[in-house]
Each structure stands twice: as C-alpha cells, then as structure tokens.
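Notes follow the structure.
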There are 2 protein chains.
Amino acid sequence: MLSKKTKYAFHALTYLGKNKDQGAILIQEISEFHNISHKFLENILLELKKAGFLGSKKGKGGGYYLIKEPKEIPLSRIIRLLDGPIALLPCVSLNYYEPCEECENQEQCGLNKVMIEVRDETLKILEMKTLQDILSNE
Amino acid sequence: MLSKKTKYAFHALTYLGKNKDQGAILIQEISEFHNISHKFLENILLELKKAGFLGSKKGKGGGYYLIKEPKEIPLSRIIRLLDGPIALLPCVSLNYYEPCEECENQEQCGLNKVMIEVRDETLKILEMKTLQDILSNE
DNA sequence: CATTTACTCTATATAATTTGTAGGTTTTAT
DNA sequence: ATAAAACCTACAAATTATATAGAGTAAATG
C-alpha cells in the first residue's frame, strides 16, 4: 500500500494539475479541499518542489504550481520519491538496492530471480501511467 | 516492499518445497539455514498452516511439510495472507476494501480509477507467478 | 519601510506497525 | 515417564509513519 504521504502527494498534484491556469495555489486551499493536515501537506509539497515537479512563490499571492507536464510525471517517480522502493525486496531494487541479510548467495536465490521479474512487470505499469491518466479520469 | 514476515514465509516455503520427499522438517532447520529467529518463524509457519498451505506433526520426529503443490501457491496468496492488501490504496483493494477518509466521492476520483488499473495489472503477475517459479530458479 | 502573508527549514512529538521474545500447553515417539 | 517439538497467547522492543511546533526567509502592498 501507498503511505498517506504518497497518496496526499497524488491528490495535491492532481489538484494543481486541474487548476493549472490559475497561477500559484495556496497549501491551505489544497489541504482544506482534501482534508489533509496543513503542516503535513507543507512538507510533502516541499519535497515535490525539491524534486523538480513543482514551483513556488513566497509571500502574499504566493503558493505552488506545476512546472512539469502531467504526462511527464509517471506514478513511479512520485512513489519512489515519497515511499521509496517499488521492488518487493531490497535485493532487487534498482534505486534502493541492499543485499538481504539472510541470504548468503543472491545469485542462487530463486526468490531473487522471480522478484526481478515481478519488479520489471510492475515498473512497466507505473512508468506508463502518469498524472495525466489521473486527470483524464476526473 | 514485502515485510520480513512475508519474505521469510517465501524462504520457508521454498525450503519445504525443495525437501518435499523428506517428510516433516523442523522449524529449527529452516531458521538456521536462513538465519531467521526461531520464534518468529514459528509464528509464520503456524499462519501458513492455518491458511492451508502446510501440514504439521507434533512431538518427536515432528515438523512441517507442504500440503499443496508449489504450482498451486501463487505469490499473491502468500502476500495477502501475511502482508495484507496488494492494491496500492484501500479504496481499490479487493480483499481489504476501505473507503479513503479524505475522499467524499470515490466515483469521481481519478486516482481511484487509475489505481484499479494498476491493481489489475499487478495481480496478473502475482497470480501467475507461483512457488514453483521460485523453485525452478534455485 | 513596516506589516502581513505564505513558503522554508529543522527538530521533535505521537501513533501505529513490525519485529522479536517469553513462557507455558499440548501432542507424540520411544 | 521423559524428551522432543509444534501450538498458543501475550507482551516487549524497535522501527517507521504521521503529525505538530516554531522560528526563518522572501515577496507584496500600502
């Protein structure tokens, strides 16, 4: 399951995508619309900004706005940013690789091999689906 | 990512699958082979037994053994049993459905719709891959 | 240029979940 | 009878997720 953080990130991105023409949008507007704690959302939006998805403006009339095309934002990137690995095991993660402590020889591990296949199939979906797909369904 | 519980379950099932002919196998044998805490593994094997994957024998000469064909044990069933939902959101889970608190109208939620597609694609893989696939790779 | 507004940053508190442990009970073989 | 090994319940420890606090910085505006 996605963490709330990631789920909220998707809600916020969707909101910003729907209101693209309206310039900077307040954290508060999003947090009220989706019943999300203001401060919690603040942290999330900041991460999304640092990762290059959002821009922001400080001060009066400030807020956040999308700086990428929705179709250029695959689900996989958001999930990795906020939730970490997409792979089901650390030993098959492309971006967060770690060997399994209990395994002496990953080369001979059948679980490892199968999970590589699962990862690749999962990635196909999560890289293909983008914010645009979410927007198209609203 | 899978919890350790689920990962250990796969290791144990694989071990039992590889040693199918040898009758009942001790928890201790598996826990030592895979460096898993004996007591923790005990709980896991018990769950697998209650769910109908394993049989057991008490007392001297006792232990656990597979009672299903490896090809009849899809990854999805083990993951669901020990980790819960496969879906990325509660509102699209087939086995553990819950509405999202922050959503007033799930019918109009684009995230919901996209995550249903992701779930269906993910399930295709996890239902197709079985313990047999893990065994074949060792 | 003072004031208000709203994002930025870091640290911390709280809650929930996962992981692991303890200790006794029941069953079985010898 | 005794020892071996699964069964069961409850709890403890560790980790992670969620949420909050409060001071800092930048921008707009009158």
Side-chain angles (χ1 to χ4, degrees), chain A residues 1-9 11-12 16 22-32 34-51 53-67 79 81-85 88-90 96 98 100-102, chain B residues 1-9 11-12 16 22-32 34-51 53-67 79 81-85 88-90 96 98 100-102:
Chain A
M1 298 265 278
L2 298 180
S3 66
K4 289 193 177 182
K5 217 168 161 182
T6 302
K7 185 167 62 165
Y8 294 163
H11 282 315
L16 293 174
Q22 308 193 17
I25 287 175
L26 293 181
I27 295 174
Q28 189 163 358
E29 186 177 335
I30 305 172
S31 77
E32 280 175 3
H34 281 294
N35 298 313
I36 303 170
S37 143
H38 179 108
K39 277 294 200 178
F40 194 39
L41 184 58
E42 204 173 272
N43 293 330
I44 295 166
L45 293 176
L46 203 51
E47 280 198 75
L48 289 169
K49 185 200 167 182
K50 286 180 181 167
F53 299 104
L54 302 182
S56 67
K57 242 181 87 178
K58 284 185 179 179
K60 206 167 188 173
Y64 282 97
Y65 46 90
L66 261 187
I67 57 174
I79 294 175
L81 178 67
L82 296 161
D83 259 4
L88 293 182
L89 295 178
Y96 298 85
E98 275 181 53
C100 287
E101 300 157 6
E102 79 278 11
Chain B
M1 297 265 279
L2 298 179
S3 67
K4 289 194 177 183
K5 216 167 161 183
T6 302
K7 185 167 62 164
Y8 294 164
H11 282 316
L16 293 174
Q22 308 193 18
I25 289 175
L26 292 183
I27 295 175
Q28 189 163 357
E29 186 177 335
I30 305 173
S31 77
E32 280 175 4
H34 281 293
N35 299 314
I36 304 170
S37 142
H38 179 108
K39 278 295 200 176
F40 195 36
L41 185 58
E42 200 174 278
N43 292 330
I44 296 167
L45 293 177
L46 202 50
E47 279 198 74
L48 289 169
K49 184 200 167 182
K50 285 181 181 167
F53 298 105
L54 303 181
S56 66
K57 240 180 88 180
K58 282 188 180 177
K60 206 166 189 175
Y64 282 97
Y65 46 90
L66 263 187
I67 57 175
I79 294 175
L81 177 67
L82 296 160
D83 260 1
L88 293 182
L89 295 178
Y96 298 85
E98 275 181 53
C100 287
E101 299 158 7
E102 79 279 11

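First the proteins, then the strands, lettered A, B, ... as listed; each starts at 1.
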Only counting residues at least two apart or in another chain, list the ones meeting salt bridge (charged side-chain N to carboxylate O under 4.0 Å, His left out) with A/K60. none
Give, ordered by number, those residues of residues 34-44 of chain A having at least one heavy-atom distance below 4.0 Å to an atom of DNA chain D; if nothing qualifies, reply none. A/S37, A/K39, A/F40, A/N43
Atom-to-atom span, CD of B/E98 to P of C/dA16 - whole angstrom: 13 Å
What are the two closest heavy atoms between A/L81 and A/E47, and how far apart are they? CD2-O, 4.0 Å
Bracket string, DNA chain C, 5' to 3' - pairs by Watson-Crick or G-U geometry under 3.5 Å, | interstrand: ||||||||||||||||||||||||||||||
Could you give the distance from CD (A/E42) to OH (A/Y64), rounded to the nearest 0.5 Å? 7.0 Å
Below 4.0 Å: OP1/OP2 of C/dT19 and any side-chain N or O of B/S3: yes
Check the distance between C/dT18's C1' and B/K7's NZ and give it to me in whole angstrom. 13 Å
Integer-rounded Å distance: C/dA6 C1' and A/I25 CD1: 15 Å
Passing option when A/I25 is tested against A/L66, A/L16, A/L45 for side-chain contact (heavy atoms from CB on, under 4.5 Å): A/L16
Per atom distances to the A/K60 side chain, the nearest of D/dC7, D/dA28, C/dA29 is D/dA28
Gap between atoms CG and P, on A/L46 and C/dC7 respectively (whole Å): 11 Å
Please check the phosphate of D/dC7 (OP1 and OP2 only) for any side-chain N or O of B/K49 closer than 4.0 Å. yes
Decide yes or no on side chain to side chain contact (heavy atoms under 4.5 Å, CB included) for A/Q22 and A/Y65, but give the supporting numbers first. CA-CA 9 Å; A/Q22 308 193 17; A/Y65 46 90; over 6 Å; no
So do the side chains of A/K7 and A/H34 get within less than 4.5 Å of each other, counting heavy atoms only? no
Side chains of A/T6 and B/L88, heavy atoms from C-beta outward: is any pair under 4.5 Å? no
Given C/dC9, is OP1 or OP2 found less than 4.0 Å from the side-chain N or O atoms of A/K50? yes
Please examine the side chains of A/L2 and A/L82, heavy atoms only from C-beta on, and report whether any two atoms are closer than 4.5 Å. no
Sugar-phosphate only, base, or nothing, as touched by B/L26 at under 4.0 Å among non-hydrogen atoms: sugar-phosphate
A/K5 vs A/G59, nearer the 5' end of DNA chain D by closest nucleotide: A/K5
Please examine the side chains of A/S37 and A/S31, heavy atoms only from C-beta on, and report whether any two atoms are closer than 4.5 Å. no
Roughly how many Å is it from OH in A/Y65 to C1' in D/dA27, rounded to a whole number? 12 Å
For B/M1 and D/dA17, what is the distance between atoms CE and C1' respectively, to the nearest whole Å? 16 Å
Whole angstroms only, please: what is the NZ-P distance between A/K58 and D/dA26? 5 Å
Just to be sure I understand the rule, does A/I27 reach a base, reach only the sugar-phosphate, or reach nothing, if contact means heavy atoms closer than 4.0 Å? sugar-phosphate
A/I30 CD1 - C/dC7 P separation (whole Å): 9 Å
Within less than 4.0 Å of OP1 or OP2 of D/dC7, is there a side-chain N or O belonging to B/S56? yes
For a 4.5 angstrom cut-off between non-hydrogen side-chain atoms, does B/I67 reach B/L54? no
